[in-house]
Amino acid sequence: MSRFMSNRFAGLKSYTPGEQPQDRTYVKLNTNESPFPPAPEVIAAVNAAEVGKLNLYPDPECRVLKEKLALRYELKPENVFISNGSDDILNFAFMAFCDKDRPVAFPSISYGFYPVYAQLHGLDAKSIPLREGFRLEPEDYLNLNHNIVIANPNAPSGRVISVEDIRRILESNLNHVVVVDEAYVDFGAESCYRLIEEYENLLVCMTFSKSRSMAGGRLGFALGSAALIADLETIKFSTNPYSINRLTMTAAIAAIEHDDYYQVCCQKIMENRAYTVERLDKLGFETIPSLANFIFTRCPGMEGGALCAALRERGVLVRHWDKPEISDYLRITIGSREQMDTLLDAVRDILKGA
Ligand SMILES: Cc1ncc(COP(=O)(O)O)c(C=O)c1O
């Protein structure tokens, strides 16, 4: 840290994203990207004519995209917020709704950005331990007197809680915002966005990065009451009103018009998830039940870091965290069938030598 860094950020531990190596081609199962390209219509939409308009700013209000998303989720445009990836939205939510008197609570093992945002904004954060098998117990979130952030499915476990459980959490925390991060909801889980009509305190964050094959485009959106969305707009228009670039906006509009393509992709991921888990089971792995596009799994008798390194040597990247509670585990993104076969072959090869 330089001597010029503001004291506000002394000791800030920034987030470490999964690596995006440039040195060789890997089977990349480390950052939960989609193995499928965007829909052909999305690729066609981002054409020379659109590039030719880059001299002009994009629409800061994202009106067309908001209308499309509102239609898709049967809400009104004022219930939709759009920004540069759902990370941006989570950051804004911490900034907009939390302060000294309104601290934040989230599960002890969840998306690594939550504690970073809490620290960035100088907040008291309550870390709520997960139960046996990384299970999130809804009872632990009742009457908390904190704003709450829950990823559902949770990361890196892939476990879900039901919409009814989310309703109970909302109902018992009516004076606090409950953010449900549904980055991975499209791989078999049920979204809670319909509760928005009943609960002014619910903010549901979603992303085009996973199920809509647009991680590189950086597009996230949130669904919530008009009041919460207006607060997020205040923060966005106080930082960077043009956070969605023209090409991403064009791509996202085409993507939402071709939802059927992405539903087929998600179906394939779900099939590949079952295929992979079944084969890892046979190899002696223990896998947490997942409804996300990744699995959290361990091989008894083998340290997670060693397995991660051995896979890397064989050209397969997966994610490992060197933290006591989860150091046995690997988070493996579900990719194409070929990618999963490459992973499984590499695992068999490693186990042969073990
Ligand atoms: C739980 C969760 N939320 C949000 C995000 C951020 O997604 P993005 O900023 O790409 O929309 C991720 C990314 O990995 C995630 O795992």
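Numbering of ligands and ligand atoms starts at 1, following listing order.
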(request) Write out the residue and atom name of the closest protein heavy atom to atom 1 (C) of ligand 1, then the distance separating them to 0.1 Å. (result) D181 OD2, 3.4 Å

(request) Identify, by atom number and element, the atoms of ligand 1 in contact range of R218, meaning under 4.0 Å from any of its heavy atoms. (result) 8 (P), 9 (O), 10 (O)

(request) In sequence, state the C-alpha distance, the side-chain angles, and the governing distance for E233 and K66, and then conclude on salt bridge (charged side-chain N to carboxylate O under 4.0 Å, His left out). (result) CA-CA 13 Å; E233 295 289 0; K66 273 194 179 184; 2.5 Å; yes

(request) Work out whether the distance between some heavy atom of F113 and some atom of ligand 1 is less than 4.0 Å. (result) no

(request) For atom 7 (O) of ligand 1, grab the closest protein heavy atom and report residue, atom and distance to one decimal in Å. (result) S86 OG, 3.2 Å

(message) For the CD atom of E50 and the CE atom of M249, what is their distance to the nearest 0.5 Å?
(response) 10.5 Å

(message) To check your reading of the model: name the closest protein heavy atom to atom 16 (O) of ligand 1, its residue, and the distance in Å.
(response) Y184 OH, 2.6 Å

(request) Evaluate the salt bridge (charged side-chain N to carboxylate O under 4.0 Å, His left out) criterion for residues D88 and R218: first the C-alpha distance (whole Å), next the side-chain angles of each, then the deciding distance (0.1 Å), finally the verdict. (result) CA-CA 9 Å; D88 218 24; R218 310 304 301 127; over 6 Å; no

(request) Ignoring angles and geometry beyond distance, decide whether D87 reaches within less than 3.5 Å of ligand 1 through its nitrogen or oxygen atoms. (result) yes

(message) Counting C-beta onward and ignoring hydrogens, is there a side-chain heavy-atom pair between C299 and L283 closer than 4.5 Å?
(response) no

(message) Regarding R337 and N272, do their side chains bring together a donor and an acceptor under 3.5 Å, going by distance alone?
(response) yes

(message) So, 4.0 Å and heavy atoms of N32: is ligand 1 close enough to count as a contact?
(response) no

(message) One pair to check against salt bridge (charged side-chain N to carboxylate O under 4.0 Å, His left out): R72 and D259. What are the steps and the verdict?
(response) CA-CA 9 Å; R72 162 70 180 76; D259 224 28; 2.7 Å; yes

(request) Evaluate the side-chain proximity of L223 to N79: yes if any heavy-atom separation is below 4.5 Å, no if none is. (result) no

(request) Run the numbers for me: atoms of ligand 1, each under 4.0 Å from some heavy atom of S209, listed by number. (result) 8 (P), 10 (O), 11 (O)

(message) So if I count the atoms of ligand 1 from 1 in the order they appear, which ones are less than 4.0 Å from some heavy atom of K210?
(response) 13 (C), 14 (O)

(message) Using a 4.0 Å cutoff against the non-hydrogen atoms of G85, which atoms of ligand 1 qualify?
(response) 9 (O), 11 (O)

